Amino acid sequence: MQNIGIAVTGSGSAVPSTFLDNHGLAEIVETSDEWITTRTGIRQRHLAKCSESLSAIAATAAARALESAGLTANDVDLILLATSTPDDLFGSACQIQGILGANRAVAFDLTAACSGFVFGLVTAAQYIRTGVFRNVLLIGADMLSRWVDWEDRRSCVLFGDGAGAVVLQANQSDRLLGFELKSDGSQNSCLNLAYTCEDQELIPGVSVSRGKFQPITMNGKEVYRFAVQKVPEIIDKALFHANLSPDNVDWLVLHQANQRILDAVAQRLNIPENKVISNVSRYGNTSAASIPLALDEAVREGKIQPGDMIAASGFGAGLTWGAAIFQWGR
Ligand code: ACO
């Protein structure tokens, strides 16, 4: 089998235009800007209204990523959409393919909650390494605001909507240097967006389930503990596979769940604050979108430069967690 290198050659992002700051949230639930900023670092989050579809915002992020990679929609072989909040339970990747006019591309969704982007990156890499596809569009997009309980102050302050995308391409030099992925279903109850149902009898003895998804439930303390312990461990493992140490990392790009988690992970890895990419204050936790959204902003601001070593790590419901070590650009 061929062994083909992988490069991350472009990025893009998009968020809904409306945002809600902490003062606005304090009109909905009993909370304060002071409580939210000191516990989470979040100051505002963008929220999508009914007319703003996940597919449309994801397609905007994707088109920007293609442009920055110098590709057209027709060059794309595979569209991978990491999301837990599709417009259609059958998947939204094909809707994005349609909007972009990426007629040659195979398109499908991948669900791994806030780890979706890192799981998607590794999945895309397998197709490229084996020579199956050369140009992959990987999108992380979520609109958790659709599923938040807006009366639950413990969770509604955390989440926001958005989309980020990257282009992965077959490349002579391999820029994906290491990764590690993990899942632990025994802790599934920490964070759920669960389907509940009742039986509907069709004929005597034959029933089907009729139900709906319930709002997000979360054990914040358990998720915090899990993230602070498991994320440094998995980044260390991925760095080990890459033959690198935390000293070699130029940028730590973590799932933007909470500033306190970002700080604690960086501290455990001994990575200084000025190497930690953070935009959680402006977007909150955008789930699968958060890593590519943070990455894209840092690239466009000129912080992340070609050749820079990035340690990215996602973590969330499942529970799932993963890390990937890659250099930016060809
Ligand atoms: N405003 C004001 N008070 C609040 C709020 C709020 N928004 N939320 C909770 N409180 C109160 C609680 O009721 C509690 O009061 P009590 O002691 O009178 O009962 C007090 O504040 C402390 O609550 P805790 O839940 O213990 O607060 P904690 O310090 O654990 O912080 C937080 C909560 C911010 C959610 C923290 O646990 C956390 O960051 N966890 C990680 C959550 C996370 O990142 N989830 C997503 C990751 S996975 C994914 O991305 C899908």
Side-chain angles (χ1 to χ4, degrees), residues 20-45 82-85 110-120 140-162 164 182-185 187-194 213-232 234 253-266 278-281 283-294 312-323:
L20 177 67
D21 67 15
N22 292 345
H23 300 288
L25 254 183
E27 293 176 30
I28 306 166
V29 287
E30 200 183 325
T31 189
S32 65
D33 177 51
E34 200 263 334
W35 194 97
I36 302 169
T37 47
T38 51
R39 304 280 176 131
T40 70
I42 299 166
R43 293 186 183 278
Q44 64 174 45
R45 66 287 293 142
T83 190
S84 307
T85 53
L110 179 155
T111 305
C114 305
S115 308
F117 180 77
V118 173
F119 278 44
D142 265 312
M143 292 184 168
L144 283 181
S145 69
R146 292 173 173 179
W147 299 106
V148 159
D149 177 353
W150 287 101
E151 291 177 2
D152 177 10
R153 68 175 181 174
R154 290 163 304 154
S155 60
C156 76
V157 301
L158 301 175
F159 299 106
D161 302 335
K182 293 273 184 197
S183 306
D184 180 4
Q187 293 198 71
N188 182 263
S189 62
C190 286
L191 190 49
N192 299 101
L193 200 173
F213 289 95
Q214 299 300 317
I216 293 167
T217 56
M218 183 186 70
N219 181 333
K221 276 202 193 312
E222 280 304 317
V223 174
Y224 185 89
R225 250 196 296 271
F226 146 74
V228 167
Q229 187 200 341
K230 297 295 187 186
V231 174
I234 204 159
V253 189
L254 301 180
H255 167 47
Q256 308 280 302
N258 178 322
Q259 188 61 44
R260 279 162 65 212
I261 295 177
L262 303 191
D263 294 342
V265 169
S278 173
N279 62 9
V280 70
S281 67
Y283 300 110
N285 177 344
T286 57
S287 194
S290 87
I291 293 176
L293 183 55
S313 179
F315 50 94
L319 296 177
T320 53
W321 63 111

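Note that the coordinates shown come from a computational prediction; the quantities given were computed from them, not determined experimentally. Numbering of ligands and ligand atoms starts at 1, following listing order.
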So, the side chain of D142 versus the backbone of A288: is there a donor-acceptor pair under 3.5 Å, distance only? yes
Determine yes or no for a side-chain-to-main-chain donor-acceptor pair under 3.5 angstrom, with Q44 supplying the side chain and I42 the backbone. no
Taking side chain as C-beta onward, heavy atoms only, is T40 less than 4.5 Å from N258? yes
Quick test: of every protein heavy atom, which one is nearest to atom 41 (C) of ligand 1, and how far off is it to 0.1 Å? G220 O, 3.5 Å
Determine whether a donor-acceptor pair (N or O, by modelled atom type, separation under 3.5 Å) exists between the side chain of S313 and the backbone of G322. yes
Evaluate the 4.0 Å heavy atom contact test for atom 20 (C) of ligand 1: does a protein atom fall under the cut-off? no
Could you tell me if Q259 and S281 have a donor-acceptor pair between their side chains, going purely by distance under 3.5 Å? no
Under 4.0 Å, counting heavy atoms only: does I261 come that close to any atom of ligand 1? yes
Hey, is L144 touching ligand 1 through its side chain, its backbone, both or neither, going by heavy atoms under 4.0 Å? neither
For atom 46 (C) of ligand 1, the closest protein heavy atom turns out to be N285 ND2, 3.5 Å
Residue and atom name of the nearest protein heavy atom (relative to atom 28 (P) of ligand 1), distance in Å to one decimal: R39 NH1, 3.5 Å
Does R43, at its CZ atom, have more than 12 non-hydrogen atoms belonging to other residues, nucleotides or ligands within less than 6.0 Å? no
Suppose I only count heavy atoms of T40 and a 4.0 Å limit; which atoms of ligand 1 are within that range? 34 (C)
Between V29 and ligand 1, which part of the residue brings a heavy atom under 4.0 Å of the ligand: side chain, backbone, both or neither? neither
What do you think, any protein heavy atom under 4.0 angstrom from atom 48 (S) of ligand 1? yes
Is atom 25 (O) of ligand 1 less than 4.0 angstrom from some protein heavy atom? no
Using a 4.0 Å heavy-atom threshold (strictly under), name the region of H255 that reaches ligand 1: side chain, backbone, both or neither. side chain
Would you confirm whether R153, through its side chain, and E30, through its main-chain N or O, come within 3.5 Å as a donor-acceptor pair? yes
Counting only heavy atoms, which portion of I36 has something under 4.0 Å from ligand 1: side chain, backbone, both, or neither? neither
Could you check whether atom 3 (N) of ligand 1 has a protein contact, counting only heavy atoms that fall below 4.0 angstrom? yes
Within-cutoff protein neighbour (heavy atom, under 4.0 Å) for atom 32 (C) of ligand 1: no
Can you tell me the protein heavy atom closest to atom 1 (N) of ligand 1 and the distance? T31 OG1, 2.6 Å
Polar side-chain atom of D161 near backbone of T286 as donor-acceptor pair, under 3.5 Å: no
Kindly give the heavy-atom pair with the smallest separation between T320 and S183, and that separation in Å. CG2-OG, 4.0 Å
